[in-house]
Amino acid sequence: MKLSILVLGSPYNSQAAYSALRYTQAALDSGHEIYRVFFYQDGVHACSNLPAPPQDEFNTYEAWQTLQEKHELDCVTCIAAAARRGVLNEEESKRHNLPAFNLATQFSLSGLGQLIEANAESDRLVTFGA
Amino acid sequence: MKLSILVLGSPYNSQAAYSALRYTQAALDSGHEIYRVFFYQDGVHACSNLPAPPQDEFNTYEAWQTLQEKHELDCVTCIAAAARRGVLNEEESKRHNLPAFNLATQFSLSGLGQLIEANAESDRLVTFGA
Amino acid sequence: MPTLHTLNRSPANIQLFEQLINTIRPGDTLLLLEDGVYYCLQNKLNRKIQDIQVYALKDDVHARGIPIEQSDVLLASYEDFVNLTCENDKLVNWY
Amino acid sequence: MPTLHTLNRSPANIQLFEQLINTIRPGDTLLLLEDGVYYCLQNKLNRKIQDIQVYALKDDVHARGIPIEQSDVLLASYEDFVNLTCENDKLVNWY
Amino acid sequence: MTADAPTTIDYDLLIVLQHAPYSSAQANEALDLALAGGTFDQRVALLFIEDGVYQLMSEQAPDAAQQKNLEKMLNALSFYGVNTLAVESHSLFERDLHPEKHINPKLNLELLNAKSIQALYDRSKTVIRF
Amino acid sequence: MTADAPTTIDYDLLIVLQHAPYSSAQANEALDLALAGGTFDQRVALLFIEDGVYQLMSEQAPDAAQQKNLEKMLNALSFYGVNTLAVESHSLFERDLHPEKHINPKLNLELLNAKSIQALYDRSKTVIRF
């Protein structure tokens, strides 16, 4: 089946990013297609490459990056939600004249059309809310 | 009176950082001393210098930076909570071998002892929860 | 020791309100802010807490379009909020 | 159209549960995950929803130390969760 | 309707709004998604329930809290072809909200009971809660 | 006790834990603060109430969800001089939790009713909810 995933909560304020990770992993292991993973609202915080969790805590950020690379997942971060919350790639950072950028390279910034399209193209949209 | 402020919520997931800003402003206008402002849990997201909210939205991040400068407030961001969530200064960024840093210069990273001490030294600790 | 209580969650958060009700005392003050100002729409509040002066943060009330008519709730500015913090011996924030 | 419902909030979120109860139908499936697994501690669930097979996500149950004894709730892996998503015609996530 | 009766899918996306406005970006970002859906010619329905019904109040003046006016976004929905705005009656009743007295008269709202809400879910391919 | 009776402040800080563990960092970061308070010789009391009582369950095995074990942090509290762990009885009762059957036996817990909780608030200089 063709599945898309929507993540709405930030890693330490909810389990959304973690549950979505485990679900996506299981879906891929079961041979399903993951059409797109979309990060919206506080879920965009999962796409930063700056978090440094303590050694004894599971690193959800890194795990998403690894999973994306392994399966070449289409991981999209909502550009408007991310800009508001300080998650930017190099291009956006320059455009807003900001001193740095922090979007992990495994994610791409794009608009809500990508979520709308994922819903239209997928058999199911699975939402991990906060 | 000697007041300290605790901010626990992220700017777009709660009104905590905004309400705390207005309260702190009013307290200073009324001649009170703000001993310390402490950012904990998802409140640390208020201390990033990367957010770029749309023009028609109030910029809570910038407003905190301006208020800190105007009154030389002691604004402390919990170092452990911030590291987990990807809010780092230059020193922490280097220590964790990360590609960038995003803590606004108006905030300093420190431990929970600073919150404990603020509570001991202040007449009131005003918490803005999420 | 008269205490200022602040409440920033809507009436839907029943358990939080019950905790507040069990802790607040006659002579205490209650300040509603953020989504707490939705209590102004309901009479529930006055029936549950007696001998408590209730304030609602003006800017949060106006933002949400809440009509304040014939209500026992007084509107407060952030300056009033600060004054209430200092006038009362103690402070408890409910959220 | 049989539907998979997922619920990730604890029983304290009464209004959310009521919405779910009003929407779920005999023949649907309910999967509890995250704090939703706390429903396994209470009998409340079985009395309220009939002819619904209830699953609880195993890892979330174990993490929280919830004993599963003589319960009508079945433990599910993430793979089961994926299968349930696909076996049912529709999906509604409650949070 | 019995469990076996055939159901027509009338909506690509049902957006459920369950949170009060202004204290978080939930309402704002949910309406952004509704507008995006309309832009891409998707059939979108909105359901206001629980604290989400507060979003419909007339005379909102968010300038006081330096926020964007939600009413404008709500009024814009119909220009994007989003015309199904459903409200759960009981949620209004519980909150002492009277449609004639408290609710934005410009909106073409449908008051639904629990039974009709079940039907709305049935008629929607995907449901996302905000 | 009447409103005028004198009250002794026995605690510098009362930490109220009202959220379930593991779905967010609330519990973890609240206990971090309690340990910090103990380290700095502050008098700290904890009150577990509502979903916060789930933090006290025995046989938690967060390895399954790749998380840090909360029980270890709870057991460590006494080493830091934090000995007042109060639990609201009604919250246990409502959740069908039985102290002998479900609750960590190593913890020295005090079961409190609503009246005694009021007294605990009275005896505390500051209250922070998590």
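Chain A is the first sequence line, chain B the second, and so forth, proteins listed ahead of strands; every chain is numbered from 1.
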Does any pair with a residue in residues 99-118 of chain A pass ring-ring contact (aromatic ring centres under 6.0 Å, His included), and if so which ones, sequence neighbours excluded? Phe39(A)-Phe107(A)
The side chain to side chain contact (heavy atoms under 4.5 Å, CB included) partners of Ala120(B) (sequence neighbours excluded) come to Gln42(F)
Does Leu50(A) reach the side chain of Pro99(B), with side-chain heavy atoms less than 4.5 Å apart? yes
Record all donor-acceptor atom pairs with a distance under 3.5 Å between chain A and chain B; write none if the list is empty.
from, atom 1, to, atom 2, distance (Å)
Ser10(A), OG, Asp42(B), OD2, 3.0
Asp42(A), OD2, Ser10(B), OG, 3.0
Ala52(A), N, Ala83(B), O, 2.6
Glu57(A), OE1, Arg84(B), NE, 3.1
Glu57(A), OE2, Arg84(B), NE, 3.0
Glu57(A), OE2, Arg84(B), NH2, 2.7
Tyr61(A), OH, Arg84(B), O, 2.9
Ala83(A), O, Ala52(B), N, 2.6
Arg84(A), O, Tyr61(B), OH, 2.9
Arg84(A), NE, Glu57(B), OE1, 3.0
Arg84(A), NE, Glu57(B), OE2, 3.0
Arg84(A), NH2, Glu57(B), OE2, 2.7

Just jot down the side chain to side chain contact (heavy atoms under 4.5 Å, CB included) partners of Ala63(B), sequence neighbours excluded, or say none. Leu21(B), Phe58(B)
For a quick test of reading the model, state the closest non-hydrogen atom pair linking Ala52(B) to Leu98(A) and the distance between them. CB-CD1, 4.1 Å
